[in-house]
Protein chains: 2
Amino acid sequence: MEPKYQAVAESLRHDIATGLYRDGEALLTEVELKQKFGVSRQTVRQAISLLENDGLVIRRRGSGTYVNHGARKHGGVLSVGVITTYITDYIFPSIVRGVESALSAENCIMSLSATYNRTDHERSLLQRILESPLDGLIVEGTKTALPNPNTGLYEQLWERNIPCVFINGYYPQLPNAVYVVTDDESGGRMAAAYLAERGFTRVGGIFKSDDMQGHLRYQGFSGELQDRGLRVRDDAVCWFSTENKRRFLRDETGAEFIRSLKNGLEAVVCYNDEIAVELLEVLREHHISVPRDVSLVSFDNSAYAAVCHPKLTSLAHPKDEFGRVAAEKLLNMMAGKRESSIVLPWTMIERDSVR
Amino acid sequence: MEPKYQAVAESLRHDIATGLYRDGEALLTEVELKQKFGVSRQTVRQAISLLENDGLVIRRRGSGTYVNHGARKHGGVLSVGVITTYITDYIFPSIVRGVESALSAENCIMSLSATYNRTDHERSLLQRILESPLDGLIVEGTKTALPNPNTGLYEQLWERNIPCVFINGYYPQLPNAVYVVTDDESGGRMAAAYLAERGFTRVGGIFKSDDMQGHLRYQGFSGELQDRGLRVRDDAVCWFSTENKRRFLRDETGAEFIRSLKNGLEAVVCYNDEIAVELLEVLREHHISVPRDVSLVSFDNSAYAAVCHPKLTSLAHPKDEFGRVAAEKLLNMMAGKRESSIVLPWTMIERDSVR
DNA sequence: GACCGTACCATGTACGTACTTTTTTTGTGC
DNA sequence: GCACAAAAAAAGTACGTACATGGTACGGTC
């Protein structure tokens, strides 16, 4: 049987979590709690010690015991976990910099880790975090287009009052999640509209199948084309996933798409610059010239976009600002404020990959 | 006056720290301690609770209380701080990736922060770390060519048995520090020898004045040239610092150096690719062609080296491996092993900036 | 209105006792 | 020598008391 002091602690923890006490409000006094639970004052004190160790309450001699929703749990230093799919590649350094500068300004330590878009890695990282004393979490959802096996762990974070901000992608299964994302559906529409307005009628696309961003960009892309009365043939759309992203363009999947290209596609919307660069290479091998034969629009406006040949017309991800916004939201949540999700817009950066 | 339970805790802490108890050995029982200190058993228990919270001891019901020297301090998860001058720029993402992959394999959390090569930032980061529960630290020394005002904080880490590995640069004032560095003096010699062997006799250099790497590279550079009977004129050497690195080439300092170049320097050794790229731009404005008029060799073999025009001949920093080595050293030290410092070699990557 | 002292109330410290639960040791019988 | 049970030993739980110490509010004085 659960000992009394744990039962008392559990009950208090529940009261705090469900908002029975406001932030900074005093708990009932030890003597009152002793009467309420019918235990001795020592037992009450033992229970409160547990909460104090978790940083949920602060005891002030002569005054009372105060709940401590927002305050810093570990000696004045907040510690925030940041989980992204990659750390050092592509646009992630910029996002991380945005996060770091915002956190650093608030005397915050940032713990960084990468999932490589694998749910098993995500799982072990979350387990680590649950065991270590973090005050908040910024996390990029892993394979957000698929059912996520780790939502239980996120719910545990929630129960422990560790606020969490999702970036880029989130899990629809977690209804109350706060997220910072780009407006991927509008992005898809912008890319399609940009090409349609330049007179291209036969437009294809390459999208990622396991991230929600891929689905949304495709949704916007195909919706926009349909709204303009243009047909989207299934064989003009190519899907790839995390696992085959390095090779699908040279596999049968890619070969089929290249055939579609040769059969008259005039323009392609690429899921991101990384894929666009790969595509450029494969097209060069097939002696298909960009932008003469085929035009490309891609996403993210990464460093790649400006150095490859031809330079890519790409929708710009807010990167630094994106990271900063996410970090500031999290800081507010850790301070006890309520925050809502935000969807950031894309900006078209025109370069040389569209005729 | 200090309360009894704290006095007891302090005494026990001292006994543990001075090695009176071996690792894993049981403390005296609560009853024995009660007699030894002449306090009640409750008071002893309160004292032991403090140690338990710090992870110094583990209590096992029915068995005893055991000291816990080596074990992981925070619930099975090690937490490591990583402090570099920059996080997301230049070669740092690669170094960080190396560190991350090694730490991640050992179930370790990495907390990342940047000093921007400022000792005041370094100071506040170290203070944060001293307040937060970290198990180890990888740190890039800040302005290592100058006396460091924060060595006292490093000594505090030392006293707390938090192992620390310096990377890229360290503080000679801390005699027992373990470091992982590149062989900067040899690097300077390699760069100078490379140019000398190609027949250049009038060779200049740009070096950083506030990092030990700058001093050592200069030392190797000038030593090698002297050994070969070549003269190193003071006005052929240009010094810059963290503060003026973005503009010195366009200031009077740079103007003077450009005059030296026009007065007959045939080749320049650059402190790193970042500076080399800036120099390329300034030279272009002065209609000095690289490598036709002037040859360049630089350090780090960063991404810059391969994308600028002409591509830079550069000594390759081990980056990923460098980070991995540092992380592995730290992990060994946290596991209680003794580690010594290591100096990693440079490799010359030949491109187009030398005639 | 500013200041100060006091009473009261809150948590903190300290000790005592009793009993429970788990682990380890001891002792017994085979 | 081994298996098993009993005893002992250790930490855990729980309650009680007493007093210390710091914080707050109230009321009185100047």
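Numbers restart at 1 for each chain; the letters A, B, ... are given by sequence-line order, proteins then strands.
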Residues that [X] engages under salt bridge (Lys or Arg N to Asp or Glu O under 4.0 Å), provided they are two or more places apart:
X	value
A:R118	A:D120
B:R41	B:E30
B:K36	B:D15

Check: What pairs with B:Y5 under ring-ring contact (aromatic ring centres under 6.0 Å, His included), at least two apart in sequence or on another chain?
Finding: none
Checklist line | Matching residue for A:V82 among A:I95, A:V139, A:L112 - test: side-chain contact (heavy atoms from CB on, under 4.5 Å) | finding: A:L112
What is the distance from [atom1] of [X] to [atom2] of [N], rounded to the nearest Å?
X	N	atom1	atom2	result
B:L50	C:dA14	CG	P	11 Å
A:I58	D:dG23	CD1	P	14 Å
B:L27	D:dA10	CG	P	12 Å
A:K34	C:dT11	NZ	P	13 Å
B:F37	C:dC15	CZ	C1'	17 Å

Notebook entry, point to check: With respect to the phosphate group of C:dC9, does any side-chain polar atom (N or O) of A:T29 fall under 4.0 Å of OP1 or OP2?
Noted result: no
Short heteroatom pairs, N/O only, protein and nucleotides 12-14 of chain D, under 3.5 Å:
{"residue": "D:dG12", "atom": "OP2", "partner": "B:R45", "partner atom": "NH1", "Å": "2.8"}
{"residue": "D:dG12", "atom": "OP2", "partner": "B:R45", "partner atom": "NH2", "Å": "3.4"}
{"residue": "D:dG12", "atom": "OP2", "partner": "B:R59", "partner atom": "NE", "Å": "3.3"}
{"residue": "D:dG12", "atom": "O4'", "partner": "B:R61", "partner atom": "NE", "Å": "3.2"}
{"residue": "D:dG12", "atom": "O4'", "partner": "B:R61", "partner atom": "NH2", "Å": "3.0"}
{"residue": "D:dG12", "atom": "O3'", "partner": "B:R61", "partner atom": "NH2", "Å": "3.1"}
{"residue": "D:dG12", "atom": "N7", "partner": "B:R41", "partner atom": "NH2", "Å": "2.8"}
{"residue": "D:dG12", "atom": "O6", "partner": "B:R41", "partner atom": "NH1", "Å": "3.2"}
{"residue": "D:dT13", "atom": "OP1", "partner": "A:Y5", "partner atom": "OH", "Å": "2.7"}
{"residue": "D:dT13", "atom": "OP2", "partner": "A:Y5", "partner atom": "OH", "Å": "3.0"}
{"residue": "D:dA14", "atom": "OP1", "partner": "A:K4", "partner atom": "N", "Å": "2.6"}
{"residue": "D:dA14", "atom": "OP2", "partner": "A:K4", "partner atom": "N", "Å": "3.1"}
{"residue": "D:dA14", "atom": "OP2", "partner": "A:Y5", "partner atom": "N", "Å": "3.1"}

Item checked: Under the side-chain contact (heavy atoms from CB on, under 4.5 Å) test, residues paired with A:R123 that sit two or more places apart -> A:Q127, A:N150, A:L153
